[in-house]
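Down below is the structure, laid out as structure tokens.
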Amino acid sequence: MTPAMVPWLSIRRAIREAQEALRRAGVGEARVVPTKSLSFGIVTSTSAFEEAREKGLDAMTHAEAVAVRTREHVGGLIADVRAAHPGYVNFFPDWRRFSESVVKGVLEDVGSFLYEGLDDGEVVVEHTSVNPNKALHVGHARNVCIGDTIFRLMSKAGRKVLVINYVDDSGAQMAELLLGFMELGFDLNPPEGTRFDEYCGDTVYVEVNRRAKVDRDIEAKRRRVTRELEDRGSRAFRLSREIALRVLRDQLRTCYRLGARYDMLVRESDVVASGLWEEAFNMLKASGAVYAADRGSKAGCWVADLSDHPVLSKEGDEVLVKSDGSTTYVARDIAFALWKLGKSKTELKFSLWEVRDGRTTYISSDDGIPARPESPKIVITVVDSRQRRPQEVVRHAISKLGVDAHRYVHYSYEPVLLSKRSAEALGAKAERGAIKMSGREGIYFKVEEVLNKLVEVATRETAARRPEWSAGKVRDVAEEIAVGAFRYGMLKVDSDKQIVFDIEDSLRLEGDTGPYLQYTVVRAKKILMKAEETGLEPSPAPVEGLTDEEMRLVREVSIVPLTIEDAVGTLRIRSLVTQARTLATLFNEFYENCPVIGGGPNANFRLGLVAAYVRVQGELMEMLGVPVLDEL
RNA sequence: GGGCCCGUAGCUCAGCUUGGACAGAGCGCUGGCCUUCGGAGCCAGAGGUCCCGGGUUCGAAUCCCGGCGGGCCCGCCA
């Protein structure tokens, strides 16, 4: 995309005009950024500080001189240039032109307004990846919400995104669940009214772990089952495939409820059978990235050589093939990483899983169509921060195979903890402020139960406000409110911070929540509807001066493309949440102070601004997976 | 012992990558705003050693160094 093709209807145009004016005034390549407050204009440059230092001048005096010279060269959206203490050069817009440019840009084509000029290319995102032995709890939900939001952001930004859910159906947790059915006599059918994934996680798995504490035979049996699982013809293997599929189907219902979607479900048992590891192993051996240890504690193993890694080298080399010939988790992850990167010749086979909302999902299988990613620019794996080290081992290994390590991104996030209050509500002891959730001990909140409680609260609130609505309509809207509140709660805390989950707090629908965004858009849409009834036409152009609230809202809309560009580059999705929230707050202030219907000479412009707000906020909410409603 | 992350208002968090103009929200607390497009909202007030100590800089919550406190990782588990 060449600059000439970009319409530059957002604040970028003001930035560009300011830079051009500074250049003509002899300042050179100056950094120009949006101001924090409108009293400082629309955009500002701090380059006078640096120039003054280099030339040994007083910053303020120099800034004033720069402002005077620059003022000669502005026009278009910029009306004035003024210096401000202690040395800023501030650019003040012609608000009528600036507003028209922004609102017109949004109303003509919100897509090009927000996403123009962003890179394209393929992206692979792996997320969810929950062991198929239990229902999703709120900790897993953070992974799903982050991963799905990355998918949504990248898709809107014009990338082709392949979403993968890695299903570890061959690990120890699966073996433990199997024990419940094979040795403890649990029926394969849950009690009436109980979901299979919840039955497995809440009842069977917890019971196996409870027994294992008092019965030493359980551990021996688990090892036996684990061995049996390696034989694809065994009864244990067939049973585990069946159970894993049933659990997966239920887990996906929850993911879909949260708004997530997938292209490929990849089962670890299929990866193991595919020969992917053997191929990767040969590549690793050929490159000298691995060696057979012949002494020390790892004698008899094949290990990854980490001696040239600045940090990992301090912790010893990594075992990839155990002395009994089986592979470790990290080994399989290296092989799968190569496959995701398109560096593997081995093709996994896929068959149709389902078609939902026009999106086709495939699952790995014994037979079917061979498929693999072609050559994605970037592969993002969403996994919690405890896997930083193994993920770094993967990166190190693939870079030794000639892959640019920048293409492999571990999207790390801190875990979800339970607040003391909520932990105690589950019967767990909490000495400190928050405790870890535990699948083995049944200490967790399931996503479904949290969503259901949210639906209850939202139903109560909605029914009270909308007594004329049918129960079905109330229920539909309450579901969307619940999902919006939940996803917002998962995304609003930055990924490097732990989330302390408190069930009572999570049921709030006021303040800094998803419903705040939903409510604000509904307000705006009501204005649009009412305007249509009264025959008021939207216009991008103000006919008189703007109020403070109008200026602030216009300005915020104008910087959204910058926020999106930044999020695409850094994957910091938290900034999208902040952006949506700020935008909504400014809209509410506008709403309180600037009547649209009967709003005087600028009524048409105000209507245009409301329409622009709805479009831009709608895009942000779609990215975050907070449903946009018409009414609530 | 080594490594990574966090530490900002009573509580939960933005801001830190790219240093800059008075450190911002939400919840809670106090007090206002429904004859105006719907009050899941808005306005005002109270509440801060930006963990501590050095350093760099005209300027540090932000960058650097050293501490302290909390979490996580360092397995032939996944």
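Throughout, protein chains are lettered first and strands after them, A, B, ... in sequence-line order, and every chain is numbered starting at 1.
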On a plain distance test, is the side chain of A/S575 in donor-acceptor contact with the base of B/A14 below 3.5 Å?
-> no
May I ask you to verify if any side-chain N or O of A/R523 is less than 4.0 angstrom from the OP1 or OP2 atom of B/G39?
-> yes
Separation of atom NZ in A/K497 from atom C1' in B/C11, rounded to whole Å = 14 Å
For the side chain of A/F49, counting heavy atoms from C-beta on, which of B/A21, B/C58, B/C13 is nearest?
-> B/C58
Just checking, A/R142 and A/Y413: is the charged tip under 6.0 Å from the six-membered ring centre and within 45° of the axis?
-> no
Euclidean distance for P, B/U8 against B/C63 (whole angstrom) = 16 Å
Please report the C-alpha distance between A/K322 and A/D324 in whole Å, then the side-chain angles of each, then the deciding distance to 0.1 Å, and finally whether the salt bridge (Lys or Arg N to Asp or Glu O under 4.0 Å) criterion is met.
-> CA-CA 5 Å; A/K322 303 181 216 171; A/D324 67 0; 5.4 Å; no
Atom-to-atom span, CG of A/N593 to P of B/C42 - whole angstrom | 11 Å
By nearest-nucleotide position on RNA chain B, the 5'-leaning member of A/G171 and A/T585 is A/T585
Closest to the A/F40 side chain: B/A21, B/C13, B/U17?
-> B/A21
Could a donor-acceptor pair under 3.5 angstrom be found where the side chain of A/R465 meets the base of B/A40?
-> yes
For atom OH of A/Y516 and atom P of B/U12, their distance in whole Å | 23 Å
Between A/F590 and A/F587, how do the two ring planes meet: parallel, tilted or perpendicular, split at 30° and 60°?
-> tilted
Determine whether any donor atom in the side chain of A/D333 lies under 3.5 Å from an acceptor atom in the base of B/A78, or the reverse, and answer yes or no.
-> no
How far, in whole Å, is B/G41 from B/A25 if one measures between their C1' atoms?
-> 16 Å
Looking only at atom P, what distance separates B/C64 and B/G19, rounded to whole Å?
-> 11 Å
Contact class for A/V311 vs. all strands (heavy atom < 4.0 Å): base, sugar-phosphate, or nothing?
-> sugar-phosphate
Closest listed nucleotide, where the reference is the side chain of A/I597 and the choices are B/C37, B/A40, B/G39 = B/C37
Applying the side-chain contact (heavy atoms from CB on, under 4.5 Å) test to A/D566, which of A/L562, A/T570, A/V568 qualifies?
-> A/T570
Could you give the distance separating B/G26 and B/C65 at their P atoms, to the nearest angstrom?
-> 36 Å
What interatomic distance, in whole Å, is found between C1' of B/G31 and the corresponding atom of B/G24?
-> 22 Å
Determine the Euclidean distance between corresponding P atoms of B/G2 and B/G66; express it in Å to zero decimal places.
-> 12 Å
Using a cut-off of 4.0 Å on non-hydrogen atoms, how would the nucleic acid contact of A/N90 be classed: base, sugar-phosphate, or nothing?
-> base
Can you figure out which of B/A40, B/A14, B/C42 approaches the side chain of A/E592 most closely?
-> B/C42
Pairing partner (Watson-Crick or G-U wobble, both distances under 3.5 angstrom) of B/U30 = B/A44
What are the two closest non-hydrogen atoms of A/G484 and A/Q518, and how far apart are they?
-> CA-NE2, 4.1 Å
Taking the six-membered ring for Trp, are A/F501 and A/F445 parallel (under 30°), tilted (30 to 60°) or perpendicular (over 60°)?
-> tilted
Taking the side chain of A/I527 as its heavy atoms from C-beta onward, which of B/C42, B/A40, B/C37 lies nearest to it?
-> B/C37
Establish, for the pair A/R82 and A/F92, whether the NZ or CZ atom is under 6.0 angstrom from the six-membered ring centre and no further than 45 degrees off its axis.
-> yes
Rounded interatomic separation in angstrom, taking CD from A/E318 and P from B/G3 | 19 Å
State whether the distance check finds a donor on one side and an acceptor on the other, under 3.5 Å, for side chain A/R53 versus base B/U57.
-> no
When A/E392 is tested against each of A/R388, A/R389, A/R395 for salt bridge (Lys or Arg N to Asp or Glu O under 4.0 Å), which residue passes?
-> A/R395
Closest-nucleotide ordering on RNA chain B, the 5'-leading residue of A/A84 and A/K298 | A/A84
Provide the distance between the two P atoms, one in B/C16 and one in B/A61, to the nearest whole Å.
-> 14 Å
Looking only at side-chain N and O atoms, does A/K36 come under 4.0 Å of OP1 or OP2 in B/G15?
-> no
Going by a 90° cut-off around 0, is B/C34 syn or anti?
-> syn
Interatomic distance, A/E631 CD vs B/C37 P [rounded to whole Å] = 17 Å
For B/A23 and B/C42, measure between their P atoms and round to the nearest Å.
-> 23 Å
d(CG, A/D384; P, B/A78) in whole Å | 16 Å
d(CG, A/N588; P, B/A25) in whole Å = 14 Å
side-chain N/O A/K322 vs B/C77 OP1/OP2, d < 4.0 Å | yes
Donor-acceptor pair under 3.5 Å, A/E315 side chain vs B/G2 base | yes
Under 4.0 angstrom, heavy atoms only, what part of the nucleic acid is A/A485 near: base, sugar-phosphate, or nothing?
-> nothing
Base of B/G41 and ring of A/Y519 stacked, centres under 5.5 Å, planes under 30° = no
Measure from the side chain of A/Y591, starting at C-beta and using heavy atoms only, and say which of B/A78, B/C37, B/C13 lies closest.
-> B/C37
For B/G53, the Watson-Crick or wobble partner whose two distances fall under 3.5 Å | B/C65
May I have the distance from A/E414 (atom CD) to B/C73 (atom C1'), rounded to whole angstrom?
-> 11 Å
With the side chain defined as heavy atoms from C-beta on, A/S323 is closest, among B/C6, B/A14, B/C76, to B/C76
Closest of B/A40, B/A78, B/C5 to the A/D168 side chain is B/A78
Taking only the side-chain heavy atoms of A/K526 (C-beta and beyond), determine which of B/C76, B/C13, B/C37 contains the nearest atom.
-> B/C37
A/R508, CZ atom: more than 12 neighbouring heavy atoms under 6.0 Å | yes
A/K436 near the nucleic acid: base, sugar-phosphate alone, or nothing, with a heavy-atom cut-off under 4.0 Å?
-> sugar-phosphate
With the side chain defined as heavy atoms from C-beta on, A/E589 is closest, among B/C42, B/G26, B/C37, to B/C42
